[in-house]
Amino acid sequence: TSLLHIEELCASIVRSHRETSQYRVEELQALRWKIFTREEIQMYHSKSVDEMWQLCADRLSDAVQYVVEFAKRLPGFRQIRQNDQINLLKSGSMEVVLVRMSRLFNTENSTVFFDGKFAGTEVFKSLLCADLIMAVFDFAHSMSALRLTEPQVAIFSALVLINPDRPGLEDRGRVQRLRKDIELALSHILHRDNQESLVHRLYQKVPVLKGLCSLHIDKLHWFRQLYPLTVHTHFPPLYKELFG
Ligand SMILES: CCS(=O)(=O)c1ccc(CC(=O)Nc2nc(-c3ccccc3)c(C(=O)c3ccccc3CC(C)C)s2)cc1
């Protein structure tokens, strides 16, 4: 793999991210201080557990759809076996959503962008999974502290998705080769940005992401035991397919 190939790979990953990012950071900067009023928070608190879960599942599956589109535009992803593509998305799409959401986290008032405004943890009280919510907020805080540029977010997202260690991969070798190129792309841009120190701090986030995703799955299974019909009838198919 020549330097030119790596530079082209960088450019195409960054373009795929920009084309599928759902919201751009600069777009949301203007909304940073649009936080929910007491009445609006009251409205979320008056929602039942299953109504709030349904709202979040809808929003989350919107976000996941953009990540699926990002994956499809990643050079080399389409050349991976269909089953392996599904496998990588099943295990990695939530991780990329979490990395992306952290870009829109407002560290000054600890709010995430949700349902049109910026929400603190209290907005999510009706979900009855405070530990998951706290963990997501803590992750968003720690990611924001790295102050990643969009190209760095793009290539880190590709790295998170193209993970040859996922269980059940049929053609692991092909995923490994693509992963190697993406690792070169990440060190290339961090070198260019004179931020080589970021490499190990980014790799340290990978197990944290893994933990967050299993916590999300555990909570979903808890919720599905309480409200099987809601999940079966009202949850988006993509959400069920990827996390169910
Ligand atoms: C991702 C692309 S983006 O352009 O950055 C973008 C695009 C769109 C948005 C708006 C948005 O959908 N925000 C959501 N926020 C949260 C959330 C919720 C609790 C704490 C922290 C953030 C959503 C969730 O449903 C969620 C996310 C992570 C783990 C767990 C959950 C809830 C469980 C019950 C499904 S959806 C935000 C950002």
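Both ligands and their constituent atoms are indexed starting at 1 by order of listing.
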Check whether the ring centres of Phe243 and Phe235 lie less than 6.0 Å apart, and answer yes or no.
no
Return yes if a side-chain donor-acceptor contact under 3.5 Å exists between Ser16 and Glu19, otherwise no.
no
Do the side chain of Glu40 and the main chain of Thr37 share a donor and acceptor less than 3.5 angstrom apart?
yes
Do any N or O atoms from the side chain of Arg78 and from the backbone of Arg73 form a donor-acceptor pair under 3.5 angstrom?
no
Dump all N/O pairs between ligand 1 and the protein below 3.5 Å as a table: atom names plus distance, one pair per row.
unit_1   : atom_1 : unit_2 : atom_2 : d
ligand 1 : 4 (O)  : Ser21  : O      : 3.0
ligand 1 : 4 (O)  : Tyr23  : N      : 3.1
ligand 1 : 5 (O)  : Arg100 : O      : 3.3
ligand 1 : 5 (O)  : Arg103 : NH1    : 3.1
ligand 1 : 13 (N) : Phe113 : O      : 2.9
ligand 1 : 25 (O) : Cys56  : O      : 3.4

Checking the side chain of Arg103 only, and the main-chain atoms of Tyr23 only, is there a donor and an acceptor separated by less than 3.5 Å?
yes
Taking atom types as modelled and ignoring hydrogens, do the side chains of Arg147 and Thr107 form a donor-acceptor contact shorter than 3.5 angstrom?
no
